[in-house]
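Note that ligands are numbered from 1 as they come in the structure, with each ligand's atoms numbered from 1 the same way.
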Amino acid sequence: MSSSVIDFIATEARFGAHNYEPIGVVLSRGEGVWVWDTEGNRYLDCLSAYSAVSQGHCHPKILAAMVEQAHRLTLTSRAFHNDQLALFYEEIAALTGSHKVLPMNSGAEAVESAIKSVRKWGYEVKGVPDGQAEIIVCANNFHGRTLGVVGFSTDPETRGHFGPFAPGFKVIPFGDAAALAGAITPNTVAFLVEPIQGEAGVVIPPAGYFTEVRELCTANNVMLVLDEIQTGLGRTGKLLAEQHEGIEADVTLLGKALSGGFYPVSAVLSNNDVLGTLRPGQHGSTFGGNPLACAVARAAMRVLVEEGMIENAARQGARFLEGLKDIRANTIREVRGRGLMLAVELHPEAGRARRYCEALQAKGILAKDTHKHTIRIAPPLVITSDQVDWALERFAAILTQDFS
Ligand SMILES: *Cc1c(COP(=O)(O)O)cnc(C)c1O
């Protein structure tokens, strides 16, 4: 590494809070599936900023929409109307089939907004006694980093020494419909769940789980809130992961790829009832729904559809998964995935996944470990067959080595 690279890393360490442990690469440019470091080395991005850059780095059409809008108008606040918000509403509603939209910025804000909305719905529509609303969540969930959200995390790292936390959440195992049936009470307003648990290591529930979940929620008048911030917008090979089981959530959360990585944009989507309970002054955000965000999100949604990225995710995801399954290596415990949301879980004896990610970096691939023994693979949805094959050769070379 050159001295300038070491300077970047050292300066970050000196001034920054150490709440991340980045791999030792300093990136300065990106295009499509590729990123380059300050020394000109090229890497295939197999993280896509945790699926936020699904449309590929610096997509020219999203860039053009952003620059054009930045010249005209960036922020009005919701104290006034702007000429982008209505179009964003219309287009996201048409794309997802939802009735109401609440625009926010980060994913965690969308989750917080959904929690507030379903509680309000519970009191004002379902008739739950004030202050008694319960929300059911799953063990090993990841819904963001705000206090409200980490309060119902089950990961000691995520919640440790950040309390006290808000009450009103009940934790059940993921993928267990009987546990949901047993946890619902007359005060349950919502079940908040990821279609596939991403941060937990790409955990896919058993087939039929969400069909049962949908039936239980409908039968008990419980709002099904699907956190599709990571799984949504084509990542799993369908627009929304719920489509793999042919169900529809009552509330859907989108973020990450909603802006193609240009700008934080998130949204709560719902039927009329849930978001319909919010009255003027009861919830808001200075930047939520700003014209720059709306213009960026509109372009990000448009290219996703126009350029066939969702179909490509299904096709290349299947190719990638097959290729990973064909790698014969004693280090591999399990390969799993849906669309381009993939993971290789290593045997605990094979050593830490981080070591494999560092070795992959040296071969021109950036991937991220999660939970010590899992390598998560989530390239931009614009990846080609040749690029998948190129990546597979490198994964095979690294996974057949022993870093224990
Ligand atoms: C990333 C993520 C979030 C949080 O989004 P931020 O933009 O980081 O606040 C919430 N839920 C899921 C499933 C995520 O993957």
Winner among Gly255, Ala108, Ala200 once heavy atoms are compared against atom 4 (C) of ligand 1
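Closest candidate by heavy-atom distance is Ala108.
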
Would you tell me which option among Glu194, His143, Lys256 has the nearest heavy-atom contact to atom 14 (C) of ligand 1?
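Minimum heavy-atom distance to atom 14 (C) of ligand 1 goes to Lys256.
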
Considering only heavy atoms, does Glu109 approach ligand 1 within less than 4.0 Å through its side chain, its backbone, both, or neither?
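For Glu109, there is no contact with ligand 1 at all, from either part.
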
Under a 4.0 Å heavy-atom limit, does Phe142 contact ligand 1 with its side chain, its backbone, both, or neither?
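It is both parts that get close, each with some atom under 4.0 Å.
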
Does Arg119 qualify as a cation-pi partner of Trp121, given the criterion of NZ or CZ under 6.0 Å from the six-membered ring centre and within 45 degrees of its axis?
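Not satisfied by the 6.0 Å and 45° rule.
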
Arg159, CZ: over 12 other non-hydrogen atoms inside 6.0 angstrom
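It does: Arg159 CZ has more than 12 such atoms within range.
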
So does Phe287 have more than 12 non-hydrogen atoms from other groups sitting under 6.0 Å from CZ?
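Result for CZ/Phe287: open.
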
Considering non-hydrogen atoms of the protein only, which is the closest contact for atom 11 (N) of ligand 1, and what is the distance?
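For atom 11 (N) of ligand 1, the nearest protein heavy atom comes out as Asp227 OD2, 2.7 Å.
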
So which protein heavy atom does atom 5 (O) of ligand 1 come closest to, and at what separation?
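Checking every protein heavy atom, the shortest distance to atom 5 (O) of ligand 1 gives Gly107 CA, 3.3 Å.
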
Does the ring centre of Phe403 sit less than 6.0 Å away from the ring centre of Tyr356?
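Yes, ring centres under 6.0 Å apart.
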
Under 4.0 Å from any heavy atom of Ser106, which atoms of ligand 1 are there?
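Heavy-atom distances to Ser106 below 4.0 Å select 7 (O), 9 (O).
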
Counting from 1, what ligand 1 atoms have a heavy atom of Gln230 closer than 4.0 Å?
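Close to Gln230: 15 (O).
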
Would you call Asp273-Lys120 a salt bridge at under 4.0 Å N-O?
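No.
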
Taking Thr11 for the side chain and Asp7 for the main chain, is one N or O donor matched with an acceptor at less than 3.5 Å?
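Side chain of Thr11 to backbone of Asp7, a donor-acceptor pair under 3.5 Å: yes, one is there.
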
